[in-house]
Amino acid sequence: MGFRDDNNQPAGFDVDYCNDLANVLEVDAEIVETPFPDRIPALVSGRADVIVASTSDTLGRAKTVGMSIPYFAFQMVVLTREDTGIEQYDDLQGRPVGNTSGTYEAMALEEDVDEWGDGSFRAYQTQNDTILAVAQGHIDATVVTNTVASSTLESGKYEGLKIAGEAPYVIDYVSLAANRTEYGLLNYLNLFVNQQVRTGRYAELYDKWVGGEPVDLTVPGVYY
């Protein structure tokens with residue numbers, strides 16, 4: 001969704017999506033790179049005008065910022081090493097696990113660890129730190145999006161990793177976000193997401209950066 005390319009420039013689905021938004025607004029995009037926990041503070045403090053950063057549309061976040069209709073959706077999977085014996089999500093109980101601070105999957109995994117009453121949870125600053133912790137044996141597993149898992153395995157940077165089934169979380173719908181008092185901008189962002197889908201641009205970017213058919217953004221009885 002976001003990384004630095006061979007020229008050390010920001011690239012990925014979210015970067016292209018941000019540039020598309022800037023183009024229709026007839027402005028130049030300025031990519032403000034932030035760690036996951038700093039996305040909303042960057043918006044609230046005025047360092048950024050719009051969040052295009054895979055931000056889950058939680059009710060808690062919506063108390064602070066305004067959120068658009070979903071522009072992307074993720075399925076969560078377990079990422080572990082081949083030598084852990086972990087074959088499914090339930091096998092994480094009692095194990096040392098971790099995730100990237102401030103992400104939806106980190107909050108969900110930590111909540112389950114607390115409920116299980118055994119095992120441990122560690123938070124990491126970046127997704128790379130989390131994956132490296134799994135690869136080096138500091139933790140046995142993590143939960144990541146299907147996009148992150150597939151790209152990690154395809155990269156060949158981390159030997160001995162595998163996907164061990166889906167995590168039993170709801171599909172993670174992510175939104176664009178802006179200042180919650182900017183009603184005109186939020187309405188515009190909703191229309192922009194709609195246009196990205198119906199013009200085929202969403203499918204084009206999905207195929208470019210993820211591959212295959214795009215995830216359906218509709219929720220029966222809610223988003224049409």
Side-chain angles (χ1 to χ4, degrees), residues 1-5 9-22 29-44 47-62 64-77 79 98-110 123-131 142-152 154-155 166-167 169-178 186 189-190 192-194 196-197 201-212 214-219 223:
M1 298 299 284
F3 60 97
R4 283 188 172 272
D5 62 19
Q9 296 299 310
F13 184 99
D14 280 344
V15 176
D16 279 356
Y17 211 89
C18 181
N19 286 325
D20 285 353
L21 177 60
E30 178 185 352
I31 307 297
V32 180
E33 296 180 79
T34 63
F36 278 117
D38 197 37
R39 291 171 295 184
I40 290 177
L43 181 64
V44 172
R47 288 186 286 125
D49 297 309
V50 178
I51 299 177
V52 188
S54 306
T55 306
S56 305
D57 60 352
T58 67
L59 292 175
R61 287 174 175 154
T64 306
V65 299
M67 311 202 79
S68 73
I69 59 176
Y71 79 99
F72 200 90
F74 297 99
Q75 174 65 54
M76 300 298 165
V77 298
L79 185 67
N99 220 310
T100 309
S101 178
T103 63
Y104 163 81
E105 52 270 31
M107 292 183 284
L109 180 57
E110 185 173 17
Y124 296 89
Q125 186 66 22
T126 70
Q127 203 154 60
N128 284 337
D129 291 338
T130 302
I131 295 171
T142 187
V143 174
V144 296
T145 64
N146 52 338
T147 53
V148 168
S150 60
S151 62
T152 298
E154 290 173 8
S155 73
E166 296 181 354
Y169 305 161
V170 297
I171 292 177
D172 183 19
Y173 294 97
V174 298
S175 296
L176 308 178
L186 289 166
L189 293 178
N190 285 336
F192 173 70
V193 172
N194 186 303
Q196 289 285 89
V197 173
R201 178 60 172 167
Y202 167 63
E204 179 184 340
L205 291 180
Y206 193 96
D207 185 61
K208 175 183 177 181
W209 294 111
V210 183
V215 178
D216 189 355
L217 298 179
T218 61
V219 180
Y223 295 120

*Determine, stepwise, if the pair T142 / T130 fulfils side chain to side chain donor-acceptor pair (under 3.5 Å).*
CA-CA 7 Å; T142 187; T130 302; 5.4 Å; no
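- Nearest heavy atoms, P10 versus R4: CD-NH1, 4.1 Å.
- Residues passing the salt bridge (Lys or Arg N to Asp or Glu O under 4.0 Å) test with D216, sequence neighbours excluded: none.
- Residues M76 and N146 are not in side-chain contact: their nearest non-hydrogen atoms beyond the backbone lie 4.5 Å or more apart.
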*Could you walk me through whether E110 and N99 pass the side chain to side chain donor-acceptor pair (under 3.5 Å) test, one step at a time?*
CA-CA 8 Å; E110 185 173 17; N99 220 310; over 6 Å; no
*asked:* What verdict does the side chain to side chain donor-acceptor pair (under 3.5 Å) test give for T147 and T145, after you've listed the backbone C-alpha separation in whole Å, the side-chain angles of each residue and the deciding distance to 0.1 Å?
replied: CA-CA 5 Å; T147 53; T145 64; 2.8 Å; yes
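- A donor-acceptor pair under 3.5 Å links the side-chain atoms of N190 to the main chain of I69, judged by distance alone.
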_Assess the residue pair F13 and F72 against the criterion (ring pair (Phe, Tyr, Trp, His ring centres under 6.0 Å)); give the C-alpha distance rounded to whole Å, side-chain angles, the decisive distance to 0.1 Å, and a yes or no._
CA-CA 10 Å; F13 184 99; F72 200 90; 4.9 Å; yes
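- Among all heavy-atom pairs drawn from K208 and D16, the shortest one is NZ-OD2, 2.8 Å.
- Contact of the P70 side chain with the V193 side chain is not registered, since no non-hydrogen atoms from C-beta on lie closer than 4.5 Å.
- Pairing each heavy atom of T58 with each of M67, the nearest pair is O-SD, 4.1 Å.
- The main-chain N or O of V15 is found under 3.5 Å from a side-chain atom of N19 such that the two form a donor-acceptor pair.
- Atom SG of C18 is separated from atom CD1 of I51 by 11.5 Å, given to the nearest 0.5 angstrom.
- Within the 4.5 Å cutoff, no side-chain heavy atoms of Y173 are placed close to those of Y104.
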*side-chain contact (heavy atoms from CB on, under 4.5 Å) between F192 and L176, intermediate numbers included*: CA-CA 10 Å; F192 173 70; L176 308 178; 4.2 Å; yes
*Please assess D14 against Y71 for the test side-chain contact (heavy atoms from CB on, under 4.5 Å), listing each intermediate value before the final yes or no.*
CA-CA 10 Å; D14 280 344; Y71 79 99; 2.7 Å; yes
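- Rounding to the nearest 0.5 Å gives a distance of 9.0 Å between CZ of R61 and CG of D57.
- For the pair L189/L21, a side-chain contact is recorded, criterion being any heavy-atom separation below 4.5 Å from C-beta on.
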*With side-chain contact (heavy atoms from CB on, under 4.5 Å) as the test, would you mind laying out the steps for V77 and V143 before giving the verdict?*
CA-CA 6 Å; V77 298; V143 174; over 6 Å; no
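- Evaluation of the salt bridge (Lys or Arg N to Asp or Glu O under 4.0 Å) rule for E204 yields R201 as partners, not counting sequence neighbours.
- Contact between L109 and G98 at its shortest, heavy atoms only, is CD2-O, 3.7 Å.
- No more than 12 heavy atoms of other residues, nucleotides or ligands sit less than 6.0 Å from atom CG of D49.
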_side-chain contact (heavy atoms from CB on, under 4.5 Å), that's the test. Do F74 and Y169 meet it? Break it down for me._
CA-CA 10 Å; F74 297 99; Y169 305 161; over 6 Å; no
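- Atom-to-atom distance recorded for Y17:OH and S54:OG is 11.5 Å, nearest 0.5 angstrom.
- Atoms OG1 and CZ, from T55 and R39 in turn, are 4.0 Å apart once rounded to the nearest 0.5 Å.
- Side-chain contact between Y202 and L217: present, with at least one pair of heavy atoms (C-beta onward) separated by less than 4.5 Å.
- With contacts defined as side-chain heavy-atom distances shorter than 4.5 Å, the pair D207/P214 does not qualify.
- Side chains of D172 and V170 form no contact here, defined as non-hydrogen atoms less than 4.5 Å apart.
- For the atom pair OG of S101 and CG of D129, the computed distance is 11.0 Å after rounding to the nearest 0.5 Å.
- Counting heavy atoms from C-beta on, the side chains of Q125 and T100 never come closer than 4.5 Å.
- For I131, the side chain to side chain contact (heavy atoms under 4.5 Å, CB included) test picks out L79, Q127, V148, T152, Y158, L161, with sequence neighbours left out.
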